[in-house]
Amino acid sequence: MRPTERAGTDARAAVVCGLGAWLPPTVVTNDDLARRLDTSDEWIRTRTGIRARHVASPGMPTSHLAAEAGARALESAGVHDVDMVVLATTTPDRPCPATAPVVATRLGLTGRPAFDVSAVCTGFLYALATGAGMITSGAVETVLVVGSEVYSTILDPADRSSSVIFGDGAGAVVLRAGHRSEDGAVGRSELGSDGSLADLITVRAGGSEQRSSGAPALPADRYFSMWGKEVFAHAVTRMAEATRAALAGAGWHAADLDRLIGHQANVRILHALGEYLDIPRERLVIHLDQIGNTAAASIPLALAYAQSTGELAPGARVALTAFGGGATWGATTLTWPALKTV
Ligand code: ACO
């Protein structure tokens with residue numbers, strides 16, 4: 001999707017003007033997991049870079065995390081209202097209806113259009129492109145874009161290969177109409193998908209493929225599964241290609257980038273991505289050590305983390321990229337704006 005191109009000579013753009021994040025308070029360390037699974041802190045750290053993750057308490061749905069992050073993003077932007085809410089999630093509160101209207105109502109935005117976007121770990125970039133496109137088309141002036149996940153609800157607690165990787169959390173940005181020359185203007189979005197890879201990252205049951213009447217789904221089909229090694233290889237190549245295309249769209253070279261914010265799945269993937277793109281490690285934002293892979297929430301959570309540490313200063317040139325189930329992938333660029341930290 002190329003919003004600025006579609007707008008022709010129109011310089012209207014979607015500009016990031018608010019940022020918020022929220023993590024559930026319960027922290028589960030690698031040692032905590034090693035007490036109930038055949039794993040170790042050493043294996044998890046060396047294979048993934050993850051040390052701990054936050055986990056939502058039972059009964060705390062995705063909408064709760066999303067509303068907490070969304071409220072902080074609205075406060076950061078200094079607004080109480082937006083024209084639209086877009087929520088990226090793999091773990092909606094219910095299969096039907098969408099979760100975004102619940103989030104909008106919790107934020108006092110009843111009546112506003114609100115819908116979910118499902119692109120697994122690339123979900124936030126798809127939602128950002130959707131919100132930005134709605135603004136550049138002139139349909140709306142402001143959008144709240146949220147990524148929120150409670151992955152702990154779809155993981156098999158006995159599966160050491162997935163239980164150690166994921167964490168729960170939410171992050172959000174507010175977009176407003178502005179000019180493409182402004183700091184915070186969202187650049188061209190390079191998005192892609194390949195449905196032949198649908199089995200690589202999946203929860204088989206709960207959709208139309210398996211009927212809800214009749215025999216109950218096999219336990220394994222109710223849980224998340226991932227072919228880790230295959231995903232690893234696709235993730236690096238697709239994120240590298242998408243980032244290169246997004247940089248070209250911005251007229252930047254990799255050497256111009258101050259920070260690359262890749263989907264926080266595995267530190268080895270991020271290091272490999274940096275090597276592919278010739279971006280030194282000190283310019284990679286690494287947040288997964290503290291929170292694990294938070295899927296659609298990982299990019300906005302990494303943005304909030306990097307802003308809080310001062311890694312993202314106003315004027316910094318930033319690329320965002322992700323790969324996830326579907327398979328889906330994407331990348332975009334922006335120059336970091338001055339934002340109020342909440
Ligand atoms: N503790 C100890 N041993 C383990 C664990 C664990 N938690 N998990 C797996 N192992 C074992 C395996 O059983 C295997 O043992 P074996 O050799 O005796 O069979 C061995 O460790 C190696 O397993 P691999 O799966 O080959 O390990 P790998 O080095 O590939 O790491 C991982 C697995 C972390 C999942 C990695 O492949 C990865 O990060 N993949 C990419 C994930 C990703 O990018 N996801 C992005 C999208 S996610 C989304 O969209 C939701």
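Counting starts at 1 for both ligands and their atoms, in listed order. The figures that follow rest on heavy atoms only: side chains count, while hydrogens, waters and symmetry mates do not.
When Phe323, Tyr151, Phe232, Trp43 are ranked by how near their heavy atoms come to atom 33 (C) of ligand 1, first place goes to Trp43. Nearest residue to atom 42 (C) of ligand 1 from Met226, Arg47, Glu149 is Met226 (criterion: closest heavy atom).
Within the 4.0 Å cut-off (strictly below), a protein heavy atom is located near atom 30 (O) of ligand 1. Within a 4.0 Å radius of atom 21 (O) of ligand 1, the protein has at least one heavy atom. At a distance under 4.0 Å, a protein heavy atom can be found next to atom 37 (O) of ligand 1. Under the 4.0 Å distance rule, the nearest protein heavy atom to atom 27 (O) of ligand 1 falls inside the cut-off. For atom 48 (S) of ligand 1, a protein non-hydrogen atom is found at a distance below 4.0 Å. When distances from atom 14 (C) of ligand 1 to the protein are checked, no heavy atom turns up under 4.0 Å.
Annotation for ligand 1: atoms under 4.0 Å from non-hydrogen atoms of Val120 are 49 (C), 50 (O), 51 (C).
Looking only at protein heavy atoms, the nearest one to atom 45 (N) of ligand 1 is Val231 CG1, 3.5 Å. Looking at atom 44 (O) of ligand 1, its nearest protein heavy atom turns out to be Ile269 CD1, 3.0 Å. Of the protein's non-hydrogen atoms, the one nearest atom 35 (C) of ligand 1 is Ile165 CD1, 3.5 Å. Closest protein heavy atom to atom 11 (C) of ligand 1: Arg160 NH2, 3.6 Å. Ranking protein heavy atoms by distance to atom 50 (O) of ligand 1, first place goes to Cys121 SG, 2.7 Å.
Side-chain atoms of Thr62 never come within 3.5 Å of backbone atoms of Glu149 as a donor-acceptor pair (strictly under, hydrogens ignored). The closest donor-acceptor contact from the side chain of Arg53 to the backbone of Gly292 lies at 3.5 Å or more, if one exists at all. Proximity of a side-chain donor or acceptor of Ser76 to a complementary backbone N or O of Arg72 within less than 3.5 Å is not detected.
Between Arg204 and Gln210, some side-chain heavy-atom pair lies under the 4.5 Å cut-off.
At most 12 heavy atoms of other shown residues, nucleotides or ligands fall within 6.0 angstrom of atom CZ in Arg51.
Nearest heavy atoms, Glu141 versus Asp83: N-OD2, 2.7 Å. Annotation for Tyr305 and Ile286: closest pair CE2-O, 3.5 Å, computed over non-hydrogen atoms.
The six-membered or imidazole ring of Trp22 lies near that of His64, with a centre-to-centre distance under 6.0 Å.
Where the criterion is an N or O separation shorter than 3.5 Å, residue side chain and backbone included, His263 fails it with respect to ligand 1.
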